[in-house]
Enquirer: 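Quick one: structure below, then a few questions.
Starting from 1, each residue takes its place in the sequence as its number.
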Amino acid sequence: MKAKSYDFRERSLNNAAKHRLLKHLGIEVDDLGEGWVQTSVCPGPHLTQQDGFVHAGVLSTMADFTGGLAAFTLVAPNERVLTVEFKINLLRPALGDRIICMANVLKAGKTIIVSESELFAIFAVDEDDKKMVAKAIVTIAVIPGNGRDKK
């Protein structure tokens, strides 16, 4: 897939930096390219549910954001993206030293982009041993403009 902007990487990283919720949760962009993004978070107690697993809301936020940013890497400078739907399957309890999310654009249309996000738990003792904890399909609308109208 081909980006519509020569500076898609810089634009995408600048876009990600504006997400206050991600900063609050500690979710970071590790790397990105045309039509793909990887994010990660080191989960602390503030991100867990009652049994000590990473909360489904955190996983859903990662899946949605990472899939959306993968779509954003492909749009023109005068376009934005907005999630219109996502479905997530929580495959196993998320427990690890790090949670990573890898998203790839499956189909990039003129007005709708579909991304797939896969989330993995990793323990520091064996970084190569990833356990998939969730998988999501994210449907993104391509909208004109550079953000909310300022009135």
Side-chain angles (χ1 to χ4, degrees), residues 1 8-75 79-109 111-150:
M1 295 189 194
F8 77 91
R9 186 174 174 78
E10 180 182 348
R11 285 181 60 246
S12 298
L13 291 171
N14 287 339
N15 179 279
K18 296 176 186 175
H19 289 266
R20 288 180 228 123
L21 178 60
L22 298 181
K23 287 180 187 175
H24 180 71
L25 296 175
I27 297 170
E28 297 180 353
V29 176
D30 296 332
D31 201 6
L32 60 84
E34 292 175 297
W36 67 271
V37 173
Q38 179 179 308
T39 59
S40 65
V41 68
C42 294
H46 65 293
L47 300 182
T48 60
Q49 44 82 293
Q50 68 280 358
D51 296 316
F53 304 119
V54 178
H55 195 281
V58 175
L59 300 175
S60 297
T61 298
M62 282 185 80
D64 174 34
F65 167 75
T66 309
L69 190 59
F72 187 81
T73 66
L74 299 178
V75 300
E79 295 175 323
R80 305 298 286 175
V81 297
L82 187 63
T83 301
V84 294
E85 178 181 41
F86 74 92
K87 179 198 184 304
I88 188 164
N89 288 327
L90 304 166
L91 304 173
R92 64 170 35 102
L95 187 61
D97 297 316
R98 219 168 111 222
I99 305 295
I100 64 169
C101 180
M102 295 186 276
N104 293 290
V105 170
L106 299 176
K107 171 81 168 88
T111 59
I112 295 290
I113 298 175
V114 178
S115 297
E116 174 183 63
S117 296
E118 295 180 328
L119 293 97
F120 299 88
I122 299 174
F123 286 95
V125 292
D126 189 1
E127 291 269 331
D128 294 329
D129 186 22
K130 298 186 293 192
K131 301 284 188 212
M132 188 181 288
V133 296
K135 189 167 189 161
I137 297 292
V138 185
T139 306
I140 309 290
V142 179
I143 57 175
N146 293 323
R148 292 183 296 185
D149 291 335
K150 308 261 194 253

Enquirer: Run through Thr83, Ile88, Leu59 and flag the one making a side chain to side chain contact (heavy atoms under 4.5 Å, CB included) with Asp64.
Expert: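 Filter result, single survivor: Thr83.
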Enquirer: To the nearest 0.5 Å, tell me how far Arg98 CZ sits from Lys130 NZ.
Expert: 9.5 Å
Enquirer: Does His24, at its NE2 atom, have more than 12 non-hydrogen atoms belonging to other residues, nucleotides or ligands within less than 6.0 Å?
Expert: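 12 or below, so no.
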Enquirer: Which atom names give the shortest non-hydrogen contact between Ile140 and Gly68, and what distance separates them?
Expert: CD1-CA, 3.6 Å
Enquirer: Which atom names give the shortest non-hydrogen contact between Cys101 and Ser117, and what distance separates them?
Expert: SG-CB, 3.8 Å
Enquirer: Do you know the tightest heavy-atom contact between Arg9 and Leu32?
Expert: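 Of all heavy-atom pairs spanning Arg9 and Leu32, the closest is NH1-O, 2.7 Å.
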Enquirer: For Leu74 versus Ala108, what's the shortest heavy-atom pair and its separation?
Expert: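 Looking at all heavy atoms of both residues, the closest pair is CD1-CB, 4.0 Å.
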Enquirer: Specify the closest pair of heavy atoms between His46 and Leu25, including all atoms of both residues, with the distance to one decimal.
Expert: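 Shortest heavy-atom separation between His46 and Leu25 comes out as NE2-O, 4.2 Å.
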Enquirer: Does Glu85, at its CD atom, have more than 12 non-hydrogen atoms belonging to other residues, nucleotides or ligands within less than 6.0 Å?
Expert: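 No, not enclosed.
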Enquirer: So if I apply the side chain to side chain contact (heavy atoms under 4.5 Å, CB included) rule between Ile113 and each of Leu106, Val75, Thr139, which one comes out positive?
Expert: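 By the side chain to side chain contact (heavy atoms under 4.5 Å, CB included) criterion, Ile113 pairs with just one of Leu106, Val75, Thr139: Val75.
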Enquirer: Output the distance between atom CG (Asp30) and atom CE (Met102), rounded to the nearest 0.5 Å.
Expert: 10.0 Å
Enquirer: Where is the tightest heavy-atom contact between Ala16 and Leu22, given as atom of each residue plus distance?
Expert: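 That would be O-CD1, 4.3 Å.
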